[in-house]
Amino acid sequence: MAVYKETAYVPIACITSRSESNTTNTSEKTNVCTEGKTVTKANSITRTVSIAGEIVDQNSYHDLKELMDTLEEQAFRVYKGAGETNPLYFKGIITDLSADFDATEEGASGTFSMEIAVNGDYTEDDPMATP
């Protein structure tokens, strides 16, 4: 996985798993016009990507924390699987981040997990590319 920083995508994690959740946000109403029946209306969709991976170097987890600390939307690039050459892009906000470090080894050996609230959809077009 790579994140866009200043002028280019920078690799920040070796992903071991990626999952996606899509939730339709609804509202309900019941009144005389609906003859007492509950009517459900779809208002929006919330997409969340959950990612787990290996910390690639001493700075990668720190970089993820810095991205989260900005409280701003970030641009991400991910590949669907090993050997894939066509990346997917999306923008989102890191909403949860945690890590487990191996206390018996020197350096930044460990794993992390995070959740990203996706703004919009995945795209094959780089949102940061200049026309």
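Throughout, residue positions are numbered sequentially from 1 according to the sequence presented. Quick caveat, the model's predicted, so the values are computed rather than measured.
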Inset, instruction - Could you give me the CA-CA distance, side-chain angles and deciding distance for T48 and S21, then say whether side-chain hydrogen bond (donor to acceptor under 3.5 Å, both in side chains) is met? - result: CA-CA 5 Å; T48 303; S21 171; 5.4 Å; no

Legend entry - Closest approach of Y61 to A99 (non-hydrogen atoms, all atoms of both residues): CE1-CB, 3.4 Å

Inset, instruction - Could you tell me whether the side chain of T111 reaches within less than 4.5 Å of the side chain of F101, counting heavy atoms only? - result: no

Legend entry - T46 and N25 side chains, donor-acceptor separation under 3.5 Å: yes

Inset, instruction - Calculate, to the nearest 0.5 Å, the distance between atoms OG1 and NZ belonging to T70 and K65 respectively. - result: 14.0 Å

Legend entry - Between N86 and Y79, a side-chain donor and acceptor under 3.5 Å: no

Inset, instruction - Report the C-alpha distance between K91 and M128 in whole Å, list the side-chain angles of each, state the deciding distance to 0.1 Å, and finish with yes or no for side-chain contact (heavy atoms from CB on, under 4.5 Å). - result: CA-CA 10 Å; K91 290 184 177 184; M128 305 309 289; 4.0 Å; yes

Inset, instruction - Flag yes if L88 and F90 sit in one hydrophobic cluster, no otherwise; membership is Ile, Leu, Val, Met, Phe, Trp, Tyr, and two members link when side-chain heavy atoms are under 4.5 Å apart. - result: yes

Legend entry - E54 atom CD, over 12 foreign heavy atoms within 6.0 Å: no

Inset, instruction - Search all heavy atoms of T26 against all heavy atoms of A42 and return the closest pair with its distance. - result: CG2-CA, 4.3 Å

Legend entry - Pairs meeting criterion side-chain hydrogen bond (donor to acceptor under 3.5 Å, both in side chains) with involvement of residues 31-41, two or more places apart: T30-T38

Legend entry - Aromatic ring proximity, centroids under 6.0 angstrom, Y122 and F76: no

Inset, instruction - For the pair I93 and I116, evaluate side-chain contact (heavy atoms from CB on, under 4.5 Å) and give the outcome as yes or no after the intermediate values. - result: CA-CA 5 Å; I93 296 171; I116 302 169; 5.8 Å; no

Inset, instruction - Check the pair V78 / Y89 against side-chain contact (heavy atoms from CB on, under 4.5 Å), numbers first and verdict last. - result: CA-CA 6 Å; V78 296; Y89 299 92; over 6 Å; no

Inset, instruction - Given side-chain contact (heavy atoms from CB on, under 4.5 Å), test V39 with E28 step by step and report yes or no. - result: CA-CA 6 Å; V39 175; E28 296 179 343; over 6 Å; no

Legend entry - Cluster overlap V49 with I15, hydrophobic side-chain contacts below 4.5 Å: yes

Inset, instruction - With sequence neighbours left out, write down each residue that passes side chain to side chain donor-acceptor pair (under 3.5 Å) with D121, or none if nothing qualifies. - result: R47

Legend entry - F112 to L97 - nearest heavy-atom pair and separation: CD1-CD1, 4.3 Å

